[in-house]
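Lettering of chains follows the sequences in order, A, B, ..., and the numbering in each one begins at 1. Remember, predicted model here, so these are calculated numbers, not experimental data.
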There are 2 protein chains.
Amino acid sequence: MFVKEKNYTSTQEKTARYAKALGHPVRVFIMDFLIKNADKCCYSGDMAEELPIARSTLSQHLKELKDAGLIQGEINPPYIKYCINKTSWVEARGLFDLFFNR
Amino acid sequence: MFVKEKNYTSTQEKTARYAKALGHPVRVFIMDFLIKNADKCCYSGDMAEELPIARSTLSQHLKELKDAGLIQGEINPPYIKYCINKTSWVEARGLFDLFFNR
DNA sequence: ATTTTGTTTCGTTATTTGACGAAATACTAA
DNA sequence: TTAGTATTTCGTCAAATAACGAAACAAAAT
């Protein structure tokens with residue numbers, strides 16, 4: 001039997017994965033917020049104040065960014081300090097750079 | 001009455017819109033294909049041959065990229081020649097560049 | 001031991017997405 | 001006029017997403 005193969009590369013898959021994670025304005029906002037405040041501690045509540053959504057919804061968006069590897073949360077009870085994951089950030093930047101400039 | 005405002009910028013919305021359009025490996029594949037073959041005519045069927053999905057499914061992905069403005073189709077019966085929309089491409093590149101480098 | 005606090009998880013709901021095959025479209029060739 | 005061709009649209013379905021409020025958690029303060 002001939003099985004149709006997956007025909008996209010792992011680069012394409014990774015690019016799509018990061019793109020998907022950034023495919024909602026709230027998540028772009030979160031990333032912008034974390035970059036702008038990279039020197040400070042960023043808590044979920046700080047972002048919640050600036051967004052018109054429920055805290056539970058924000059929490060879901062944070063989880064998606066975490067699952068995509070773009071951010072990480074450091075527990076500092078009862079807070080959780082969020083920051084971008086530098087390694088993934090650099091990888092994502094590289095993928096988009098490759099995608100757009102060639 | 002106080003209505004909670006939209007708190008993300010139009011830049012964030014546009015970035016998310018493009019990111020969402022690129023949030024599937026098939027669509028990244030399509031964009032890669034169109035860039036790589038920018039000098040040739042690119043037909044839906046050419047891409048269909050390299051992908052493990054139904055033609056109707058591919059057509060839907062093409063529509064999504066078209067709706068996001070990233071590609072355009074020039075009718076050349078019974079073919080449709082696809083190519084990237086340079087204007088949107090440049091805008092998207094600019095948005096991601098701004099997003100990642102600042 | 002109880003309460004308070006910031007955050008997440010759960011349960012639910014409505015909408016969107018991704019996939020397929022069948023049917024429609026629109027033009028060309030016979 | 002009929003048949004053929006490349007592609008899209010339609011109808012359907014299952015799965016994923018986005019949203020909410022209520023409930024659960026985990027540590028700190030009372």
Side-chain angles (χ1 to χ4, degrees), chain A residues 3-8 12-13 16-31 33-34 37 40-68 70-83, chain B residues 3-8 12-13 16-31 33-34 37 40-68 70-83:
Chain A
V3 178
K4 257 200 167 179
E5 285 168 43
K6 255 195 326 189
N7 290 84
Y8 15 85
Q12 287 165 341
E13 280 181 353
R17 183 73 190 81
Y18 283 125
K20 187 176 183 183
L22 296 173
H24 192 289
V26 166
R27 297 197 287 270
V28 175
F29 174 94
I30 293 168
M31 296 304 290
F33 188 96
L34 293 182
N37 300 294
K40 304 187 193 67
C41 291
C42 297
Y43 303 115
S44 167
D46 303 334
M47 297 183 259
E49 279 170 20
E50 302 191 28
L51 286 169
I53 57 171
R55 272 147 204 268
S56 54
T57 305
L58 171 59
S59 196
Q60 267 186 200
H61 285 298
L62 288 166
K63 182 172 181 333
E64 280 184 62
L65 288 170
K66 222 184 304 173
D67 290 348
L70 282 166
I71 67 173
Q72 56 202 150
E74 184 189 312
I75 295 172
N76 183 9
Y79 298 88
I80 295 175
K81 178 185 164 183
Y82 281 101
C83 55
Chain B
V3 177
K4 254 199 168 180
E5 285 167 43
K6 257 196 325 192
N7 291 83
Y8 18 84
Q12 285 165 342
E13 280 181 354
R17 182 76 189 79
Y18 283 125
K20 188 177 182 182
L22 297 173
H24 191 289
V26 167
R27 297 197 289 269
V28 174
F29 174 96
I30 292 168
M31 296 304 292
F33 187 96
L34 294 181
N37 300 295
K40 305 189 193 66
C41 291
C42 297
Y43 303 115
S44 167
D46 303 334
M47 297 184 261
E49 279 170 21
E50 302 192 27
L51 286 169
I53 57 171
R55 273 148 203 269
S56 55
T57 306
L58 170 59
S59 195
Q60 269 185 197
H61 285 299
L62 287 167
K63 182 172 180 335
E64 281 183 63
L65 288 170
K66 221 185 303 172
D67 290 348
L70 282 166
I71 67 174
Q72 55 203 149
E74 185 189 313
I75 295 172
N76 183 10
Y79 298 88
I80 296 177
K81 178 186 163 184
Y82 281 101
C83 56

Just checking B:Thr57: base, sugar-phosphate only, or nothing, at a heavy-atom cut-off of under 4.0 Å? base
Residues of residues 22-29 of chain A with a heavy atom under 4.0 Å from any atom of DNA chain D, listed by number, are A:His24, A:Arg27
Ring pair (Phe, Tyr, Trp, His ring centres under 6.0 Å) partners for A:Tyr43, two or more places apart: A:Tyr79
What distance do A:Leu58 atom CG and A:Glu49 atom CD have between them, rounded to the nearest 0.5 Å? 11.5 Å
Expressed as a whole number of angstroms, how long is the span from A:Glu74:CD to C:dG6:P? 19 Å
Take atom CD of B:Glu64 and atom P of D:dT9, then tell me their distance rounded to the nearest Å. 13 Å
In whole Å, what is the span from the NZ atom of B:Lys63 to the P atom of D:dC10? 9 Å
Counting C-beta onward and ignoring hydrogens, is there a side-chain heavy-atom pair between A:Phe33 and A:Asp46 closer than 4.5 Å? yes
Of A:Gln60 and A:Lys20, the one whose closest DNA chain C nucleotide lies more 5': A:Gln60
Integer-rounded Å distance: D:dA16 P and A:Arg17 CZ: 13 Å
Between the CZ atom in B:Arg27 and the CD1 atom in B:Ile71, the distance rounded to the nearest 0.5 Å is 10.5 Å
Whole angstrom is fine here: how far is it from CD in B:Gln72 over to P in D:dT8? 14 Å
Parallel, tilted or perpendicular, as decided by the 30° and 60° cut-offs, for the rings of B:His24 and B:His61: tilted
In whole angstrom, give the distance that lies between atom CD1 of B:Ile53 and atom P of D:dT7. 13 Å
Check the distance between D:dA18's C1' and A:His61's NE2 and give it to me in whole angstrom. 6 Å
Option passing side chain to side chain contact (heavy atoms under 4.5 Å, CB included) with B:Leu70 (candidates B:Ile30, B:Leu34, B:Leu22): B:Leu22
Is a donor-acceptor pair below 3.5 Å formed from side chain B:Ser56 to base C:dG21, judging by atom type as modelled? yes
Could you point out which residue of A:Gln12, A:Glu13, A:Arg17 forms a side chain to side chain contact (heavy atoms under 4.5 Å, CB included) with B:Val28? A:Gln12
Just to be sure I understand the rule, does A:Ser59 reach a base, reach only the sugar-phosphate, or reach nothing, if contact means heavy atoms closer than 4.0 Å? base
Can you check the B:Lys66 NZ to D:dT7 P distance for me, whole Å? 12 Å
